[in-house]
Amino acid sequence: MLEKNFNFAEVEARQYPQWEKSGVFAAQPESNKERFTIMMPPPNVTGSLHMGHALNMTLQDILTRYNRMKGKDSLWMPGTDHAGIATQLVVERQLDAEGKKRADLGREKFLERVWEWKAYSGGTITSQLRRLGATPDWDREAFTMDDNLSRAVVKVFVQLYKDGLLYRDKRLVNWDPKFHSAISDLEVEAREMKGHLWHIQYALEGEEARTITVATTRPETMLGDTAIAVNPEDERYKGLIGKMAIVPVANRLIPIIADEYADPEHGSGAVKITPAHDFNDFEVGKRHNLPMINIFDKDAHLNENAPEDYRGLERFAARKKILKELEELEILEKVENITHTVPHGDRSGVVIEPYLTDQWYVDAKTMSQPVVAAIKSGRTEMVPKNWEKITFDWIDNLQPWCVSRQLWWGHQVPAWYDEDGKVYVAETEEEAQAQAPGKTITRDPDVLDTWFSSALWPFSTLGWPGKNPDLEKYYPGSLLITGFDIIFFWVLRMMMMGIHFMGDVPFKKVYLHALVLDGKGQKMSKTKGNVIDPLTLIEKFGADALRFTMSASAAQGRDIRMSEDRVEGYRNFTTKLWNAAKYCEMNDAFPKEGFDPSKVKNTLNQWIVGEVLNTANSIAEALEAYKFNEASAAIYQFTWGTFCDWYLEFTKPYLNPVIRSDDEESGDSSAAQNDIAEEIRTTTGWVLEQILRLLNPFMPFVTEELYGQIARREKGDTLLTAAWPDYPKALIRKEAAAEIAWAQKVISEIRSVRSDMNVPAGAKIALVVQDASEATKKRLKIYDPALKQMARLSSIELLSGKAPGRSIKAIVDEATLILPIAELIDLDKERERLQKQIAKLEDDIRKTEAKLGNEQFVANAPAEILDEFRTRKVEFQQMIDKLATALEQLEAA
RNA sequence: GGGCGUUUAGCUCAGUGGUAGAGCGCUUCGUUUACACCGAAGAUGUCGGGAGUUCGACCCUCUCAACGCCCACCA
């Protein structure tokens, strides 16, 4: 017997290890089944599960399970990422707490610490994925710093260097003064801030009375000025071009140059040029061969290129000091309050400094051209489609990708330098040495951007650069599911690398899902303290409920607001299913071997069997189109709304002898009734089993448990290996569906009337049908037990001619409901109800008539629409007539 | 500044060129042997404003507004 409630905690803990042990998560490279490959976006190895993962992983697991059931050889490749900066930061913080710095330990010891931390916390995220019920091929779990993946990184680096797509260059980078490292454009976050625009007068050489005014938001950088630029068309300054100005405080001479970059409309029209500390100025400087004076050190403190009393000052302290000095010199012409965007490090949170250094760059622009082609030709398709355009726009403005980081945790750059600074790129030190005979070489201390190694994920995890049969079979992947927030960081870079090294796109489709926000629509973040922990929800409502919430919320193109109410609602759904199964068990309604759903005779059974097919089709169709919300809605609606609310209720009278015994008029022999009951039991069991299969990808735990205990309680197989139902079209029986629709309508109407008339719940009423057609009579007979049970009727009587005077009627097709218990009825209320209904119908008729009276409509509307309007009108009129009769009779009473 | 998205029932959100939908919440009723984490019935909307295309617009076009996100070097 099933327990009273679904104990999800117990079931989850018991089921998962069994699944994993059974080995069905594993791909089957030897099989010749059609394959389904999906690469898990590797989470940070030392991280823990957040809502975004829960969404992302649930969707992947649903499709993996679905495809596995469809009989495909499914590879869901799991793994984790070393997450360079993030992980190094955590360990540095730990050291900090011990009062140490990473420099104290030295590189080797520090890396040992990081590996220790990885060993300690690295299992968290993967065990949490198991809690969620995810079924990737764990045996293949990869880590971006595994030996073979690291080999791939080196190989790629060297090859790109040889191909001229990777090079070392001295240019401005986004420098993070806190991490002492370069970061990529993508890791810079522009934050809007209040600031000032200072107008400063620079004196001209030789004519100290004349000045030229420049405007700047960063006065401290004037110590590195090497020119003033004015627009060549700017009449105000034409005469000054070629003259020299004096940088205040620094007392250095700089030329006044003409450059289009200076916008006469902006500021004073003259702009100071600081090539070493501004991206635009850098370009201007290159155009005019200006010297580049770097005035900062790696902490963004002023260095020896600044006047002596500024050296060592932090940049903002320097700003204060210089402003004070300018004021004293009375050359601070004015100060404007402005809001502007200031670049910040997305992880460090400090202001990013454009900084002149040597770094390694990937020629992303060149490499992304084939990516554009692949997307345009449809070799990789993005879902939703609008991301494709955004992608193209981004690629259009692509800058070289700075891939070196001045960190220790990561893949060390495979480049060596000799005493003269000449660089040797090679896979090993021996090879590098061979290129530099007789020289002493030292390795580049920098490591690569985390995303460099994850860009190789689709093939490095399959054994590349080795010759691995897996690579042949599973590349390119069928699908990538990830959040749109890492489309530039990761998706496109995988495409660049995949196309370059594998000669083919890494995946055929990319499904980009939205972000998970908190209940108020805010991004979840630790600093805001609004993070909802998926593990908490799993503990409270079960993994199935959380998974279903994720799936049901995943409409395309919209962020998801996470609310606990919704999870609770789907927890209730698991309970509902559990109880339905319990009901089946109580009624011996189990699936039977050899049962052929297309052979059922009873209308109810024919109908439900067709509904199962419709539902299965809807789910499959929705999943193939990545409409997870529609798929979820279909199975939810069928299970609860169709199976539980209607089918089980409809069939109860046939299964329950107590209810059936007071039905003596149905005319069926008890043998025939037994046959019906038997068919219902078998069908019910079959439907339950289909629900368990269809729902399994979404709610694996509860379905597996019920499958084991009810549906396949003797054989002990599992849904993991069960086939996705493939039904014959013959299951659809239109006539049966129409019959049941009629019965549903009758029952709903009777219920509605009962309720409106305040008939006490316990009181049974009679349905008296006047002048019924033969078809209606037949139907009434077929659904007699169901009508009595579900609409709480005492009897159904057939009358011809006028109904008894003191009765009240409501209309259900031709059926007339008569309530002989006049005392129970509030006449005024009933009159009001009828009048209201009539008024509404009359209004509907007016609208319909107006429509049909419109010549253009009649001329242009398609036939079926026109017909619909005509029948509609007739129906409305019939109902009004019947209601009017009822009202008449009411008045008579 | 550029781009994108959103605006539908009290809340969270689906949705389609042909008389508006779900879940939650709310109201009323209900201990009928699966289920109160339940069942039945019900109320609530000029589908953001305006204009246009169409026989017909919540859906297509334009425009305005509000909110959100992304991108951007304007000193």
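As the structure is a prediction and not an experimental result, all values here were calculated from the model.
You won't find any donor-acceptor pair under 3.5 Å spanning the side chain of A:Arg566 and the base of B:C24, going by distance alone.
Applying the ring-ring contact (aromatic ring centres under 6.0 Å, His included) test to A:Tyr626 and every residue at least two apart in sequence or in another chain returns A:Tyr511.
Residue contacts for A:Pro354: at a heavy-atom cut-off of 4.0 Å it reaches no nucleic acid atom on any strand shown. Within the 4.0 angstrom heavy-atom criterion, no nucleotide atom of any strand lies near A:Ala859.
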Identify all pairs in which a protein N or O lies below 3.5 Å from an N or O of nucleotides 39-44 of chain B, and state each distance.
unit_1	atom_1	unit_2	atom_2	d
B:G39	OP1	A:Lys576	NZ	3.1
B:G39	OP1	A:Trp640	NE1	2.3
B:A41	O2'	A:Ser755	OG	2.9
B:G42	OP1	A:Ser752	OG	3.4

Nucleotides 73-75 of chain B: which of its N/O atoms have a protein N/O under 3.5 Å away?
unit_1	atom_1	unit_2	atom_2	d
B:C73	O2'	A:Asn280	ND2	2.9
B:C73	N1	A:Asn280	OD1	3.1
B:C73	N1	A:Asn280	ND2	3.2
B:C73	O2	A:Asn280	OD1	2.5
B:C73	O2	A:Asn280	ND2	2.6
B:C73	N3	A:Asn280	OD1	3.3
B:C74	N3	A:Asp263	OD2	3.3
B:A75	OP2	A:His266	NE2	3.1
B:A75	O2'	A:Ala215	O	2.8
B:A75	N7	A:His266	ND1	3.3
B:A75	N6	A:Asp263	O	2.6
B:A75	N6	A:His266	O	2.7
B:A75	N1	A:Asp263	N	3.0

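Defined by atom type and a distance below 3.5 Å, a donor-acceptor pair is missing between the side-chain atoms of A:Glu621 and A:Ser618.
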Handout entry: ring pair (Phe, Tyr, Trp, His ring centres under 6.0 Å) between A:Phe698 and A:Tyr636, worked out
Key = CA-CA 10 Å; A:Phe698 306 86; A:Tyr636 180 94; over 10 Å; no

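For B:C38, one of the phosphate oxygens OP1 or OP2 lies less than 4.0 angstrom from a side-chain nitrogen or oxygen of A:Asn572. Within the structure, every side-chain polar atom (N or O) of A:Lys4 is placed at least 4.0 Å from both OP1 and OP2 of B:C35.
Nucleotides B:U31 and B:A22 have their P atoms positioned 27 Å apart, rounded to a whole Å.
Looking at A:Lys582 and A:Glu585, no side-chain N of the basic residue comes within less than 4.0 Å of a carboxylate O on the acidic one, giving no salt bridge.
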